[in-house]
Each structure stands twice: as C-alpha cells, then as structure tokens.
Amino acid sequence: NSDTAIAMSLATAFVLTLAATLGWILYHGVLVPLDVTYLNIIVYIVVIAATVQVTEMYLKHVSPLLHKLLGIYLPLITTNCAVLGVVLLSQNQQLSLLSTMVFALGAALGFSLVLTLFATLRERLQHPDVPESFAGVPIALVTAGLLALGFLGFAGMGA
C-alpha cells in the first residue's frame, strides 16, 4: 500500500544519500591515494550493503512496527540498481562532495516520487471501472506507460 511505499521511499532515500556520500569519501580518501581505483565497484557494493544493514538495525531498534511493515523489502535495497547507479554516476561525473550529496538526494526524491505514485495507482487500480479484458495487469501497464510518457517530458528540461 502507499504507506509502505512512503516508508520504503524514506529508507531508500536515506541509504542512497548516505551510500553516495560514503562512496565519494572512500573513493577520494582511500582509493585514489592508494591508486586502487579499479576496486571502486567492490567498495561501493560493500558500502551499500553496510549502509542497508545499519539502517535495518536502526529501524529494528527505533521502530519495530516500521521494521515489520517493510519486512523483506528493506534488505532488498542492497540489490536496487538505482543505489549503485547513483554512486557510479556521481563518480563518473567527477562531482564534488556537496554536489554528490545533492545529486543523490535528488535521485532519492525522484525514486520516492515514482514509488509512491505507482503504489497509489496500484491501490486505485484494484477496482477500476474498465472493460474486463483490461482488468488487472493490462490497465496497470497502460497506466505505467502513460506515466512514463509524462516523465519523459522532463528529459529535455536540463538542455
């Protein structure tokens, strides 16, 4: 439901921003001085996994209900390609630490928006007034396609 999506969005936003920040610090503070930058992906994966573990332990201690609500989805943040992608993109674009943090936070907010929108739409599409052949997955795919077209409009804004 949308409450779970919001909680998951916040957890992902926290992990994404912290992992990108720690990745930048380790890359510029350890890997570059030691001239072992080829280890960056391994280091980033370890950083992401550790960040997710710390987040999970913190949520379990502070909010057991939220931890139970997120369930198996919380550890799955580790395998989210967006988290690793943001860390790698910020490194490839040679962003400063502050720029990396802002970039990661922006990506996290975008991810949160999409996740929350899709969860809300999924709730609304459970009882739609559509022809029987469109009920279920077909109407969800049509809706996702329309949303994708809407988001595609943002692609040219930076140019």
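Being a predicted model, the structure only gives us computed values, none of them experimental.
- Between the CD atom of Q94 and the OG atom of S99 there is a distance of 12.0 Å, given to the nearest 0.5 Å.
- Under the rule for a side chain to side chain donor-acceptor pair (under 3.5 Å), the partners of T4 that lie at least two apart in sequence or sit in another chain are N1.
- Rounding to the nearest 0.5 angstrom, the gap separating the CG atom in L89 from the CG atom in L95 is 9.0 Å.
- Looking only at distances, no side-chain donor or acceptor of S63 sits under 3.5 Å from a matching main-chain atom of L59.
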Distance-only check: which donor-acceptor pairs under 3.5 Å involve side-chain atoms of residues 44-51, not counting sequence neighbours?
residue	atom	partner	partner atom	Å
Y44	OH	Q91	OE1	3.2
T51	OG1	V47	O	2.7

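- With rounding to the nearest 0.5 Å, the separation of CD in Q93 from OG1 in T100 is 9.0 Å.
- L121 and I6 fall into different hydrophobic clusters, defined by Ile, Leu, Val, Met, Phe, Trp and Tyr side-chain heavy atoms under 4.5 Å apart, directly or through other members.
- Across every non-hydrogen atom of A20 and V86, the tightest pair is CB-CG1, 4.4 Å.
- Atoms CD and NE2, from E56 and H61 in turn, are 14.5 Å apart once rounded to the nearest 0.5 Å.
- Only one option out of V83, V15, L18 pairs with V52 in a side chain to side chain contact (heavy atoms under 4.5 Å, CB included); it is V15.
- Through direct or indirect side-chain contacts shorter than 4.5 Å among Ile, Leu, Val, Met, Phe, Trp and Tyr, V62 is connected to Y58.
- Placement of L88 and L39 within a single hydrophobic cluster is found when ILVMFWY residues are connected by side-chain heavy-atom separations under 4.5 Å, directly or transitively.
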- Can you list the steps and then say if V32 with T37 is a side-chain contact (heavy atoms from CB on, under 4.5 Å)? CA-CA 6 Å; V32 171; T37 55; 3.8 Å; yes

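- In this structure, T120 has no side chain to side chain donor-acceptor pair (under 3.5 Å) partners at least two apart in sequence or on a different chain.
- A continuous path of Ile, Leu, Val, Met, Phe, Trp and Tyr side chains, each step under 4.5 Å between heavy atoms, connects L34 with Y27, placing both in one hydrophobic cluster.
- Under a hydrophobic-cluster definition in which Ile, Leu, Val, Met, Phe, Trp and Tyr are linked whenever side-chain heavy atoms come within less than 4.5 Å, directly or via other members, V142 and V137 are assigned to different clusters.
- The minimum heavy-atom distance between Y38 and D35, with the atom names listed, is CE2-O, 4.1 Å.
- Residue M101 belongs to a hydrophobic cluster whose other members are W24, I25, L97, with links defined by side-chain heavy atoms closer than 4.5 Å.
- In this structure, F14 and L10 have side chains that are not in contact, with every pair of non-hydrogen atoms separated by 4.5 Å or more.
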Side-chain donor-acceptor distances from residues 106-119 under 3.5 Å, at least two apart:
residue	atom	partner	partner atom	Å
S112	OG	S9	O	3.4
S112	OG	A108	O	2.8
T116	OG1	S112	O	2.8

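- Side-chain contact between L105 and L16: absent, with no pair of heavy atoms (C-beta onward) separated by less than 4.5 Å.
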